[in-house]
Amino acid sequence: MSKSVSVGSVAIGGNARVAIQTMCNVKTSKIEEVVRQIGGFYDLGCDVVRVSVKDDDDLTALREIKNRIKMPLVADIHFNYKYALGAIDAGVDKIRINPGNIGSEKNVEEVAEALKRSGTAVRVGSNSGSVEKELLKKYGKNEISLAESALKNVAILEKHGVDNIVISAKASDVPLTIKTYEYLAKKTDYPLHLGVTEAGTVGMGVVKSSIGIGALLLKGIGDTIRVSLTADPKEEIIAAKRILRAAGLDKNYVEVISCPTCGRTEYDSIGLAEKVERLTSDIKKPLKIAVMGCVVNGPGEAKDCDLGIAGGGGVCAFFKGGEIYKKVPFDRAEEEFLKEIKKLVE
Ligand code: SF4
């Protein structure tokens, strides 16, 4: 089991559930917009949010943002150790920085001391595009060099007594991502931040992330996830939630199962399945609802559901545990079924 690292009120690693992260795509100095965006992330079920610190204005904004949001805040810093010190001073819960690229040993020492004093967590990591030349020469361009690059940054912090560390090692190549995190999981017990980087837009990006992150989660690897998408960050949170659910790590939701439809389908089960999914997407109850195309196979195939519907011969049959308990004509079936769902989830 990985070690537990506290990121404000959220534990990452150990026995904690896998935390969902995303990143704001508004400039951090635009405080009102950032706070509004983070409020939306919170409502959707995001656990931790990251903002970039690109200039002095962004740094100045951190304290107010931190005070106005309800979830842990991570500051993303590249190269500038002074921004790391400023972010820690502003009270952020975690910083994302690589000690290997913030300059002299003295800079690293100052950041390490500030981290220890404040208890702020830190994420270090590697990216397939920025692995150090000497590691590429030693191991080649593969999972070992990518993982060792992340571990090199870990070692720098450990040397200075910092151990509140989360590790990432991202590639846009899915098999490489999986192999790299498997390697890391064998080598270290620090919690791992999973993600497939530059995954693309929603369609392919969700597929790549689901395979990469999902394969690892199913092996018990990974403590926090970020689905990187070229899209509204809310899509990342929705995708992350779905990945956790599909991997069986979040059971507290309404699972809508529905058949693919075929020539036996006589009513709009596709439209109904979409409506049921929308109606139940925010409900935190471990329930299973089935929307099946035909009454011949539907109730049998969805035996273990709490409520189900299947159509045929001008009526829809409502069933529970595989047993039909009610039949409603097609024209009233949808309305009645949605009412039954509301009763069930209340
Ligand atoms: S449940 Fe019926 S309609 Fe749906 S795919 Fe199976 S046979 Fe076809």
Side-chain angles (χ1 to χ4, degrees), residues 44-45 174 196 199-215 217-219 227 229 231 234-346:
L44 263 181
V174 175
V196 176
T201 54
V202 174
M204 195 59 188
V206 170
V207 173
K208 278 181 156 183
S209 301
S210 304
I211 294 176
I213 295 172
L217 291 177
L218 289 173
K219 290 181 181 181
V227 177
L229 296 175
K234 284 183 174 176
E235 298 290 344
E236 300 186 347
I237 302 165
I238 293 167
K241 278 164 74 172
R242 287 177 174 161
I243 291 171
L244 294 181
R245 288 170 177 180
L249 295 175
D250 173 13
K251 295 192 163 50
N252 201 26
Y253 75 106
V254 180
E255 182 178 2
V256 180
I257 57 167
S258 51
C259 79
T261 73
C262 71
R264 291 189 188 86
T265 317
E266 293 175 24
Y267 78 111
D268 180 20
S269 69
I270 297 177
L272 180 59
E274 280 166 1
K275 276 187 195 146
V276 172
E277 209 168 76
R278 272 199 300 276
L279 183 73
T280 57
S281 64
D282 290 333
I283 294 161
K284 290 197 178 345
K285 273 190 180 177
L287 291 171
K288 201 182 252 192
I289 296 178
V291 180
M292 307 300 279
C294 78
V295 82
V296 183
N297 294 334
E301 282 178 24
K303 248 196 196 103
D304 62 339
C305 69
D306 298 286
L307 178 65
I309 187 169
V315 294
C316 275
F318 291 16
F319 56 91
K320 279 181 188 165
E323 298 295 324
I324 296 171
Y325 69 93
K326 187 175 183 178
K327 285 186 178 168
V328 183
F330 279 159
D331 59 344
R332 287 196 291 108
E334 183 174 304
E335 196 190 331
E336 287 267 332
F337 191 64
L338 296 177
K339 264 192 217 156
E340 296 271 312
I341 293 173
K342 280 183 193 152
K343 260 198 270 167
L344 185 71
V345 300
E346 258 166 25

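Order of appearance sets the numbers: ligands from 1, and atoms from 1 within every ligand. Just so you know, residue 1 is the first one in the sequence shown, and it goes up from there. This one's a predicted model, so the numbers in the text were calculated from it and none came from an experiment.
Distance check for C294 against atom 2 (Fe) of ligand 1: an N/O/S atom falls below 2.8 Å.
Salt bridge status for K288 with D304: present, with a side-chain N to carboxylate O gap under 4.0 Å. A salt bridge links E340 with K343: the closest approach of a Lys/Arg side-chain nitrogen to an acidic carboxylate oxygen falls below 4.0 angstrom.
Remark: minimum distance from atom 8 (Fe) of ligand 1 to any protein heavy atom is reached at C262 SG, 2.3 Å. For atom 4 (Fe) of ligand 1, the closest non-hydrogen atom of the protein is C259 SG, 2.3 Å.
One finds the CZ atom of F319 at 6.5 Å from the CE atom of M292 (value rounded to the nearest 0.5 Å). Expressed to the nearest 0.5 Å, how far CG of L338 lies from CD1 of I309 amounts to 8.5 Å. Rounded to the nearest 0.5 Å, atoms CD1 (I243) and CG (D250) are 12.5 Å apart.
Numbered from 1 in the order shown, with element, the atoms of ligand 1 that lie under 4.0 Å from a heavy atom of T265 read 3 (S). The atoms of ligand 1 that sit less than 4.0 Å from any heavy atom of G293 are 3 (S), 4 (Fe). Within ligand 1, counting atoms from 1 as listed, the ones closer than 4.0 Å to a heavy atom of R264 are 7 (S).
Distances shorter than 4.0 angstrom occur between a heavy atom of N297 and an atom of ligand 1.
Under a 3.5 Å cut-off, the side chain of E266 and the backbone N or O of G311 do not form any donor-acceptor pair.
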